[in-house]
Amino acid sequence: DNVGRVLEGKQAEIELAVVALLAGGHLLIEDVPGVGKTTLARAHARSVGLEFRRIQFTSDLMPADVLGGSVFDRASGRFEFRPGPVFTHVLLADEINRTTPKTQSALLEAMGEQRVSIDGETHLLESPFFVVATQNPEEFFGTYPLPESQLDRFLLRLRLGYPDKAIERAVIERRRGADPLEALECVASSDDVLEAQAAVDGVRAEGLLLDYVHEIVLATRATPLLELGASTRAAIAFERATRAHALLTGRSYATPDDVKRVAVATLSHRVRVTGSRDLAGDRADAERVVRDLLATIPVPV
């Protein structure tokens, strides 16, 4: 609700973003510029009192610009590690597909294991650690599409889209003064987030529900419409997101409705459409295939 004060008309997308945070995962937002991707990330950070940093990814960005590195200190006469912007609670990786694969891969260990290895030393990242990455799928010039290994590190992928006509008109009128994001209050603490993330582990997912999740994953591998189906890691992420959504709605048990709510956002970026190589087309087609599969698999009762 607090995030919705500055990102109006996007309740469903905001809820999915919170699901990613509660599940301890990361979020990829694919959309055109100016629809609120950065606002969503900053509003989450301000709402829970978390440290926020932003990296503008460009073609000349180096891994050290993200992770940090060793710098010689003349006073002590030795090299000391200077942490990069990845050492934060909420990291906005803006236009992540505008940097080279080498720099993109610098985030893999941080996102997958919440640690950074530099010069033979391992540096742990504080919890919670939440990466929100953005990219514009409609642009191709000067971009480096994220490989499957990088996409797989994002728990959810979503699109915000343009707001409804009436909401956008009201936003235009109200934004004549200060940015409401600056007045957004903190409504929870980092300890609250950690407690909620731990509570996800306690949400019940009965055997029939796990069978339902598994059948959906298996269907992505069996359909000829997809040349690459969901992996075992995707299945684990799918189940985790399902339980996080149940917790978000105030329940201690997951239902098929939770499964349906997170299925497209969890699976569509982890599959590859047969015969298609267009990034924007793949995205829409993959989402449609996952929705069609959901419609064909019996719901447990």
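Since we're looking at a predicted model, the values are computed, not measured.
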Handout entry: Glu182 and Arg42: CA distance, side-chain angles, deciding distance, side-chain contact (heavy atoms from CB on, under 4.5 Å) verdict
Key = CA-CA 10 Å; Glu182 299 303 322; Arg42 292 182 60 196; 3.0 Å; yes
Exercise for the section: With side-chain contact (heavy atoms from CB on, under 4.5 Å) as the test, would you mind laying out the steps for Phe238 and Val262 before giving the verdict? Expected result: CA-CA 7 Å; Phe238 187 15; Val262 303; 3.9 Å; yes
Practice task
Any chance you could lay out the ring pair (Phe, Tyr, Trp, His ring centres under 6.0 Å) test for Phe129 and His26, step after step, and finish with the verdict?
Solution key: CA-CA 9 Å; Phe129 177 61; His26 307 288; 5.6 Å; yes
Exercise for the section: Report the C-alpha separation of Tyr212 and Glu206 in whole Å, then their side-chain angles, then the decisive distance to 0.1 Å, and conclude whether the side-chain contact (heavy atoms from CB on, under 4.5 Å) test is met. Expected result: CA-CA 10 Å; Tyr212 182 47; Glu206 304 297 342; over 6 Å; no
Problem - Verdict with reasoning, Asp152 to Arg233, per side-chain contact (heavy atoms from CB on, under 4.5 Å) - result: CA-CA 8 Å; Asp152 200 37; Arg233 180 186 291 169; 2.8 Å; yes
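Connection of Leu27 to Leu91 is not established within any shared hydrophobic cluster, with ILVMFWY side chains joined at heavy-atom distances below 4.5 Å, either directly or through further cluster members. Both Leu156 and Val264 are assigned to one and the same hydrophobic cluster, defined by single-linkage of ILVMFWY side chains at heavy-atom distances under 4.5 Å. Hydrophobic cluster membership is shared by Leu50 and Val132, with clusters built from Ile, Leu, Val, Met, Phe, Trp and Tyr side chains linked at under 4.5 angstrom. Cluster annotation: Leu151 and Ile96 are assigned to the same hydrophobic cluster (Ile/Leu/Val/Met/Phe/Trp/Tyr, side-chain heavy-atom contacts under 4.5 Å, transitive).
Under 4.0 Å is where a charged nitrogen must lie from a carboxylate oxygen, and between Arg243 and Glu239 at least one such pair does. Between Asp31 and Lys37, no side-chain nitrogen of the basic residue sits less than 4.0 Å from a carboxylate oxygen of the acidic one, so the salt-bridge criterion is not met. A salt bridge links Arg288 to Asp285: at least one charged side-chain nitrogen sits closer than 4.0 Å to a carboxylate oxygen. Ion pair Arg169/Asp164 not flagged as a salt bridge, since none of the NZ, NE, NH1 or NH2 atoms sits closer than 4.0 Å to an Asp/Glu carboxylate oxygen.
Of all heavy-atom pairs between Asp258 and Ala246, the closest is OD2-CB, 3.4 Å. Contact between Leu16 and Ala265 at its shortest, heavy atoms only, is CD1-CB, 4.2 Å. When every heavy atom of Glu227 is checked against every heavy atom of Gly275, the shortest pair comes out as OE1-N, 3.3 Å. The heavy-atom pair separating Arg159 from Glu13 by the smallest distance is O-CG, 3.4 Å. Ala230 approaches Thr220 most closely through the heavy-atom pair N-OG1, 3.0 Å. The minimum heavy-atom distance linking Ala106 with Leu67 is given by the pair O-CD2, 3.4 Å.
With rounding to the nearest 0.5 Å, the separation of OG1 in Thr266 from CZ in Phe154 is 14.0 Å. One finds the CD atom of Glu121 at 9.0 Å from the CZ atom of Phe81 (value rounded to the nearest 0.5 Å). Between the OG1 atom in Thr39 and the CG atom in Leu92 there is a gap of 10.0 Å [rounded to 0.5 Å]. Here Arg98 contributes atom CZ and Gln135 contributes atom CD; the two are 10.5 Å apart, rounded to the nearest 0.5 Å. The OG1 atom of Thr274 sits 6.0 Å away from the CG atom of Leu226 when rounded to the nearest 0.5 Å.
Checked against side chain to side chain donor-acceptor pair (under 3.5 Å), Arg115 has the following partners two or more places apart in sequence or in another chain: Glu109, Glu113.
Side-chain contact check for Leu61 versus Thr58: some heavy-atom pair is nearer than 4.5 Å.
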